[in-house]
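Input: a single structure, listed below in structure tokens.
Below, read A as the first sequence line, B as the second, and so on, with proteins coming before strands; counting in each chain starts at 1. Everything numeric here is computed off the predicted structure, so don't read it as measured data. Below, each value reflects all heavy atoms present in this structure, side chains not excepted, and no hydrogens, waters or symmetry copies.
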Amino acid sequence: MPSRRRFLFLSGAALAAPALVAAPARAQGPLRIDVTQGVVEPIPFAIAPFQVETGGAEGAARDIAGLVAADLVGTGLFRQIPASAFISVPSSFGQAPNYPDWRAINAQALVTGAVGVQGGNLVVKFRLYDIFAGAELGEGLQFAGTQAGWRRMAHKVADAVYSRITGEGGYFDSRVVFVSQSGPKDARTHRLAVMDYDGANVQYLTDASTLLFAPRFSPRGDRVLYTSYESGQPAIYLIDVATVSRARVPTAPGEMTFSPRFAPDGRRIVYSVSTGGNTDIYATDLGSGSSSRLSSAPSIETAPSFSPDGSRLVFESDRSGTQQLYVMGAGGGEPQRISFGEGRYSTPVWSPRGDLIAFTKQHAGRFHIGVMRTNGSEERLLTASFLDEGPTWAPNGRVLMFTRETQGAQGAPSLYTVDVSGRNLRQVPGIGMAADPSWGPLLP
Amino acid sequence: MDDAVAAALAAASSAAASGQSGEGAQRADPGPPMTGAERDAFRVAVQQCWIVDPGSQAGRVTVTVAFELGRDAKVAGDIRLLTHNAESSSAADSAFASARRAILRCQGDGFPLPAEKYEQWRVVEMTFNPEAMTIR
């Protein structure tokens with residue numbers, strides 16, 4: 001039985017071997033340390049100048065690197081180390097960085113890239129390095145697109161970098177539909193518009209002939225529901241973003257229909273119907289046109305929003321005497337009240353992550369954007385001002401955009417974003433007067 | 001003699017003869033245990049480099065990592081993830097990377113550890129628990 005003998009012999013050797021060396025005086029386990037307090041501050045990162053691989057790509061290389069940096073810094077989670085601090089930079093896209101040089105300036109991550117023009121299209125490549133681990137973080141990626149679409153490629157690079165470092169999906173390559181306003185307060189005009197998440201590339205979907213409000217992107221971002229006074233009374237319309245062709249949506253009958261929102265499958269919508277002073281929530285299948293009533297109460301039920309799995313709805317109701325938030329099944333049924341704080345709650349929106357509900361709260365003469373767990377617990381107010389309202393979630397559930405209106409005769413609306421932590425409040429730049437944002441999905 | 005056994009004995013004899021410290025061979029008397037102040041100094045040195053993002057899913061993940069320190073009180077070899085309580089692998093990866101960066105960034109010229117107690121801190125298990133920093 002050679003195998004048996006071998007086992008016994010080896011065991012004996014294993015026992016004997018320690019006797020040949022100095023044995024530890026005492027068995028020693030690991031030192032166990034608990035770290036419970038870190039720091040909340042931006043992660044320092046660097047972007048090396050993007051390499052220019054072909055003639056004619058110099059401007060794009062500079063612009064793309066700049067926009068990647070702007071996206072990351074704009075989250076409030078990253079701090080860019082200026083190029084003036086660099087000790088060395090890789091001489092080619094394929095060359096690994098000299099890690100000690102980047103550690104010396106405390107860069108925790110390094111983005112390198114290269115841009116070229118091939119067949120009239122831009123080709124963008126990038127790599128991400130974890131400086132202190134001394135290794136590439138994920139594999140290099142390459143994007144190609146039209147030269148006019150350089151911003152989208154930059155956003156895609158930034159999304160990939162953000163995702164690899166934070167472990168969460170990005171949101172930079174996305175668009176927002178909103179109501180663009182112009183003119184004095186007593187004669188203001190409204191147009192439906194879409195923009196990149198950062199306020200760039202504003203495109204108008206309608207003219208300024210009609211009062212309209214509360215646009216909502218479809219789950220794929222190809223269509224927009226909105227409410228318009230085009231027919232004299234509020235009614236729901238659907239517009240195709242690419243063709244800007246629009247049509248009134250068949251709904252349950254009523255004096256007014258408003259506050260529409262898509263189901264996650266994009267085939268059904270929910271909305272409010274007001275008749276005889278009573279407002280309830282209805283659903284319509286866009287394919288068949290069939291409608292069903294989801295709430296039935298002698299009060300105002302409105303602003304429905306689906307959970308990401310489509311199984312539940314959160315909405316506002318004044319059935320208790322003041323506006324509060326309620327949750328019910330997507331097919332209707334007895335709702336459960338989830339808001340119990342002081343003040344009035346409205347415009348609830350379920351997070352794409354499914355863990356939080358954002359809302360508008362009015363209390364003591366101030367408006368707030370807040371979030372709470374889906375059972376109403378752990379309410380947190382993220383903002384406070386004369387008028388903040390109508391939150392919408394970034395596709396990764398990390399950031400909220402909303403309308404902030406200033407006070408007085410010259411008061412005007414504009415769009416702001418805030419991190420779900422309550423930090424990093426920023427105004428969306430360059431779009432003028434704007435209200436009612438609805439954040440679309442990440443673009444394909 | 002069986003070749004494998006001969007190799008094992010040769011390796012053991014070689015280690016004994018060389019008097020190497022650290023990995024698997026000769027180990028010094030670990031001396032008195034680490035004091036609370038010494039452990040605190042180590043913890044503080046790491047936590048000042050531990051960047052937590054309380055709004056993220058990774059910012060709610062507790063990870064325990066293991067690593068060895070050389071006599072220079074700097075990390076020798078890899079930092080390994082032992083356990084985590086994340087619901088997704090991406091959140092676990094991110095939380096682990098954050099912990100690893102904290103250790104590597106703040107080791108500088110070596111952590112403030114008593115040289116005479118090297119055997120007490122040669123092997124470290126460090127738990128990063130952000131629960132106290134979670135947004136509520």
>> If I measure from the heavy atoms of chain A, does B:M34 come under 4.5 Å with its side chain, its backbone, both, or neither?
In response: side chain
> Picking from B:R105, B:Q47, B:R39, which has the most non-hydrogen pairs under 4.5 angstrom with chain A?
Replying inline: B:R105
>> Can you give me the closest heavy-atom contact between A:I357 and A:W393, atom names plus distance?
In response: C-CZ2, 4.3 Å
>> Ignoring hydrogens, what is the shortest heavy-atom contact between B:R80 and B:F96? Give both atom names and the distance.
In response: C-CE1, 4.0 Å
> Contact part of B:R43 toward chain A, heavy-atom cut-off under 4.5 Å: side chain, backbone, both or neither?
Replying inline: both
>> So for B:F128, is it side chain, backbone, both, or neither that comes closer than 4.5 Å to the heavy atoms of chain A?
In response: both
> Do any of residues 58-67 of chain B have a heavy atom less than 4.5 Å from a heavy atom of chain A, and if so, which, in residue order?
Replying inline: B:A58, B:R60
>> Tell me whether A:R127 forms a cation-pi arrangement with A:Y129, defined as NZ or CZ under 6.0 Å from the six-membered ring centre and within 45 degrees of its axis.
In response: no
> In terms of heavy-atom pairs under 4.5 Å with chain B, which of A:R398, A:R423, A:R373, A:E168 leads?
Replying inline: A:R398
> Looking at A:H368 and A:T383, what are the two nearest heavy atoms and their distance?
Replying inline: ND1-O, 2.9 Å
> Any idea which of A:T166, A:I33, A:D34 has the most non-hydrogen atom pairs under 4.5 angstrom with chain B?
Replying inline: A:I33
> So which of B:C49, B:A91, B:S56 has the largest heavy-atom pair count under 4.5 angstrom toward chain A?
Replying inline: B:S56
> If you count heavy-atom pairs under 4.5 Å between each of A:D355, A:I165, A:N106 and chain B, which one has the most?
Replying inline: A:N106
> Measuring heavy-atom distances to chain A, does B:D93 have an atom under 4.5 Å in its side chain, in its backbone, in both, or in neither?
Replying inline: neither
> What residues form a side chain to side chain contact (heavy atoms under 4.5 Å, CB included) with B:D109, not counting sequence neighbours?
Replying inline: none
> Any idea which of B:M133, B:R100, B:E125 has the most non-hydrogen atom pairs under 4.5 angstrom with chain A?
Replying inline: B:E125
> Quick one: does B:F42's side chain get under 4.5 Å of B:M126's, heavy atoms only?
Replying inline: yes
> What closest approach, in Å, do A:V40 and B:P54 show between heavy atoms, and which atom pair accounts for it?
Replying inline: CG2-CG, 3.8 Å
> What heavy-atom pair brings A:F402 and A:P391 nearest, and what distance separates the two atoms?
Replying inline: CB-CA, 4.0 Å
>> Between A:E41 and A:R79, does any NZ, NE, NH1 or NH2 come within less than 4.0 Å of an OD or OE carboxylate oxygen?
In response: no
> What is the minimum heavy-atom distance between B:W50 and A:T36, and which atoms define it?
Replying inline: CZ3-C, 4.0 Å
> Do A:K361 side-chain atoms and A:G341 backbone N/O form a donor-acceptor pair below 3.5 Å?
Replying inline: no
> Is it the side chain or the backbone of A:R353 that comes within 4.5 Å of chain B heavy atoms, both, or neither?
Replying inline: side chain
